[in-house]
Structures are given as structure tokens and as C-alpha cells.
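Written out below as C-alpha cells is the structure these notes cover.
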Amino acid sequence: MKVRIVYFAWVRERIDKPEEELDLPETVVTAGDLLLHLKTLGDGYEAALQYPDVIRVAVNQEHVDHDEPIAGAREIGIFPPMTGG
Amino acid sequence: MTTPIIHVQREDFDLQTEIDRLTAGRMDIGAVVTFSGLCRDEGGSLDALELEHYPGMAEAEMRRIGALAIERFSLMGMTAIHRYGKILPGENIVLVIACAPHRQAAFDGANFVMDFLKTAAPFWKKEHLADGTAGGWVSAKDADDAARDKWAKG
């Protein structure tokens, strides 16, 4: 599955790119699977996703839990807890 | 049906202009609560905040939260504006306005929107320190999650 992935804040800084298009293996079913897969892609990814439990995931710009499937996603956002307001 | 007015913008906003936009010509609004959040200098140690956001999703989340508040508190008007980019101490960051017939709904509506905006709207603050060092990203606070959770219906 080809999908556009966008990164924000310190996740973006550690991975060192704001977005990329990835072809995901079929074993990646849920948002949590995706985080574990990304962690294997290099040192920057490992540093950004060292503690996947704190990382937030959005599918097509809507928050999802880590156990939710990402099938059909056009865009997946990956970012730390939010600190606006 | 009332729909929220939502803006995500680099520019500053004017409180009176935004209040007037909601109340002009209305004779049924009895209470207007505004909350504005400003950038602190943290005792002189902070030079600026850099606000990053997720374009599109930031607006969508604020619209969703605003609509929830309108429905839950029967608001007659709701505006939420959040700035991004570099913001200096003393400058505005965020504005929430809630209008209702009576004060309690207006207070609660503004409070609700801020509690959810802080924990669900995709914005992130990075500090620029006065001594020139990189201050790093602001950490999310458990107290903000607790503030949001108090709105859970029992």
C-alpha cells in the first residue's frame, strides 16, 4: 500500500523530513504496526519513535488509536502529543 | 444552526472585532465569554515561541471541537482562532469566544473548547531562549489531559 506520511514537531526533526511517500508491507495493518515498521527504517526513525506509546497517529487528518487499521489511508500524520493553546 | 468560526492564521487578531462579528445585530445573546492565550517570557528567559501546526487537520479539529461545544452548551456563537509561526512574549496565541443567552453556558463553552483544543488540535510549541540556546519542544502536561477528562459525561 502506497501512502503519504507527514511528520510534525520533534518527530519531523528526528526523522529529518517533513513528509514522504512509502510503500508499506502487507504486514502493516494498524497504526501501531506502522510505528513499529517505521522504527526499523533507520537511526532517525528509531530516535523519533523510541517510545511509540506517546506518539499520536492521524489517518486522513483524523486522530486514530494505535489498534485501529490504516487500510485505505491517503495521508497518515505522525506527531508527538499536542501543545497548542 | 450555529456553526463555529474557525481560523488558523499567522497574523494577530483583534478581540473587539471578533466579538462584534458574533454579536452584531443579535438581541438574544446575553453572555459573551472570551479567552485569549498569550505568550509568556518565562521570567525573561524566553525570546519567542515557534508554533507549528498540521495544516488542514488543525482547522478540522478546531471545527469539530467548536461544533461539540455549540451542541453541548447550546451556544449562539463560537469563534476559535489559533496563530502559528513565531510569536513573541506579550503577543496573542489563541482566542476563543463563546456566546449564549446566560453566563454559565458561555463560560463552560469557552472552557470546554480550550481544554479540548490543547489536547486534540495539532499544534506544537518550540521555545527560543533569550540566551540563544535552543530551548526545545514544550512537553505536553498531564494537567491538560486531566482538564479535558473532567468533561467526560458520567
Side-chain angles (χ1 to χ4, degrees), chain A residues 3-22 30-32 34-35 38-39 43-85, chain B residues 6 8-9 35-40 49-65 80-85 87 92-96 110-127 134-145 147-148:
Chain A
V3 64
R4 178 168 175 257
I5 306 190
V6 293
Y7 306 109
F8 293 96
W10 52 257
V11 170
R12 169 180 56 73
E13 287 184 345
R14 291 177 191 177
I15 290 175
D16 203 23
K17 59 182 90 167
E19 60 172 274
E20 62 187 324
E21 180 127 343
L22 286 180
T30 65
L34 173 63
L35 296 179
L38 291 173
K39 253 181 96 168
D43 290 347
Y45 294 89
E46 169 69 34
L49 306 173
Q50 188 180 3
Y51 303 105
D53 288 356
V54 307
I55 300 296
R56 308 299 170 94
V57 180
V59 170
N60 300 335
Q61 305 199 347
E62 286 186 25
H63 293 292
V64 297
D65 290 330
H66 286 189
D67 60 2
E68 289 184 57
I70 57 169
R74 297 180 304 277
E75 179 178 290
I76 299 179
I78 297 179
F79 42 82
M82 291 141 282
T83 56
Chain B
I6 303 297
V8 175
Q9 62 190 41
F35 171 85
S36 49
L38 286 71
C39 175
R40 291 180 301 266
L49 283 176
E50 188 84 34
L51 262 294
E52 180 168 330
H53 73 295
Y54 187 164
M57 182 172 171
E59 290 89 341
E61 274 298 302
M62 287 168 66
R63 197 168 299 285
R64 184 182 67 81
I65 295 163
I81 301 176
H82 204 303
R83 296 182 64 198
Y84 64 88
I87 295 179
N92 292 316
I93 299 173
V94 63
L95 173 68
V96 169
N111 199 10
F112 175 97
V113 167
M114 275 309 300
D115 283 344
F116 279 85
L117 196 150
K118 286 193 84 85
T119 51
F123 291 89
W124 302 271
K125 293 190 183 105
K126 189 175 195 179
E127 295 181 325
W137 295 91
V138 172
S139 298
K141 296 185 184 71
D142 291 342
D144 290 333
D145 287 339
R148 173 202 59 203

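Just so it is clear: chains get the letters A, B, ... in the order the sequence lines come, proteins before strands, and each one is counted from 1.
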Original post:
Which bit of A:Glu62 comes within less than 4.5 Å of chain B, counting heavy atoms only: side chain, backbone, both or neither?
Top reply: backbone
Original post:
With a 4.0 Å cut-off, would you call B:Glu52 and A:Arg12 a salt bridge?
Top reply: yes
Original post:
Side chain, backbone, both or neither: which part of B:Glu50 has a non-hydrogen atom closer than 4.5 Å to chain A?
Top reply: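 Neither part, no heavy atoms under 4.5 Å.
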Original post:
Passes side-chain contact (heavy atoms from CB on, under 4.5 Å), B:Met57 versus A:His63? Steps please.
Top reply: CA-CA 9 Å; B:Met57 182 172 171; A:His63 293 292; 3.4 Å; yes
**OP:** Determine the interplanar angle of the A:Phe8 and B:Trp124 rings, folded into 0 to 90°, and report it as parallel if under 30°, tilted if 30 to 60°, perpendicular if over 60°.
**Re:** parallel
Original post:
Are the side chain of B:Lys125 and the backbone N or O of A:Gly85 linked by a donor-acceptor pair below 3.5 Å?
Top reply: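 It does hold such a pair.
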Subject >> Positions in residues 112-120 of chain B that reach chain A, provided some heavy atom is under 4.5 Å away >> reply: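 B:Met114, B:Leu117, B:Lys118, B:Thr119, B:Ala120, listed by number.
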Original post:
Within a strict 4.5 Å, meaning less than it, do heavy atoms of the B:Tyr54 and A:Val6 side chains meet?
Top reply: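 They are in contact (side-chain heavy atoms under 4.5 Å apart), so the answer is yes.
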Original post:
Looking at A:Thr83 and B:Val138, what are the two nearest heavy atoms and their distance?
Top reply: CG2-O, 3.3 Å
**OP:** Go through the steps to decide whether A:Met82 and B:Glu61 satisfy the test side-chain contact (heavy atoms from CB on, under 4.5 Å), and finish with yes or no.
**Re:** CA-CA 12 Å; A:Met82 291 141 282; B:Glu61 274 298 302; over 6 Å; no
